[in-house]
Amino acid sequence: SKHKFGCRSVLRLVQHSGGDGWAGASARAVLSEVLRIAGELAQDEFGKFVIEEIMQRGLPEHRRLAVAALRGRLVKNARHEHGSFLIQRAINLEDLECVGAMIGELLAQRETVRSLARNQFGRYVLRDLLRSPIYAQAARVALLPIAGELQCCKQGKKLLSEILVF
């Protein structure tokens with residue numbers, strides 16, 4: 001999953017994991033192994049594509065496990081180049097209640113929101129939350145109390161301009 005060609009093989013297995021017979025069972029067994037290291041893959045250049053594919057096209061239990069892996073290192077993932085990409089994709093998974101819990105966890109602590117707003121990749125996560133019809137109001141409520149603090153840093157200024165647009 002961490003190799004540029006190996007991740008492509010795993011991507012194909014995700015597409016066949018819902019099948020019946022020995023092929024589907026074999027694909028599910030491989031995906032179970034992949035999901036055991038999903039937290040590590042979330043921050044890998046090629047592993048992120050495997051986790052993204054699982055979140056978008058995997059079986060429901062695999063999708064929940066992938067989101068749970070993101071939650072395991074939530075703030076670290078939100079501030080990481082590849083991890084933030086996956087959290088951005090998870091924001092659009094409307095059918096999983098565990099995503100709502102993950103977003104609630106991200107926005108619950110003022111210090112976490114401040115940390116994300118001052119980080120390039122964290123800002124991308126907050127921007128997508130502001131654009132989401134489901135989470136936009138919660139994101140605004142979390143960001144408005146620290147709006148004054150955000151004016152002093154580059155990423156904060158960019159985020160504030162996006163708050164005004166939405």
Review point. Got a sec: does the CD of E61 have more than 12 other heavy atoms crowding it under 6.0 Å?
Key: yes
Practice item. Treating Ile, Leu, Val, Met, Phe, Trp and Tyr as nodes and any side-chain heavy-atom pair under 4.5 angstrom as an edge, say whether V141 and L143 lie in one connected cluster. Key: no
Review point. In terms of hydrophobic clustering (I, L, V, M, F, W, Y; side-chain heavy atoms under 4.5 Å; direct or indirect links), are L129 and L93 co-clustered?
Key: yes
Sub-4.5 Å side-chain heavy-atom contact between [X] and [Y]:
X    : Y    : answer
I54  : V34  : yes
E52  : F85  : yes
L150 : K157 : no
I146 : E149 : yes
M102 : C98  : no
I87  : L74  : yes
K48  : L41  : no
I91  : V99  : no

Could you report the tightest heavy-atom contact between [X] and [Y], atom names first, then the distance?
X    : Y    : answer
C153 : R118 : SG-CG, 3.7 Å
A78  : L106 : CB-CD2, 4.1 Å
M55  : A66  : CG-CB, 3.7 Å
S84  : F121 : OG-CB, 3.4 Å
R73  : G39  : NH1-O, 3.5 Å
R28  : L59  : CD-CD1, 3.5 Å

To the nearest 0.5 Å, what is the distance between [atom1] ([X]) and [atom2] ([Y])?
X    : Y    : atom1 : atom2 : answer
Y135 : L107 : OH    : CG    : 10.0 Å
L116 : Q109 : CG    : CD    : 11.5 Å
Q43  : L70  : CD    : CG    : 9.5 Å
L160 : R123 : CG    : CZ    : 11.0 Å

Point to revise | side-chain contact (heavy atoms from CB on, under 4.5 Å), paired with L86, selected from V67, V125, N77, I51 | key: I51
Point to revise | Distance-only side-chain donor-acceptor flag, R79 / S115, under 3.5 Å | key: yes
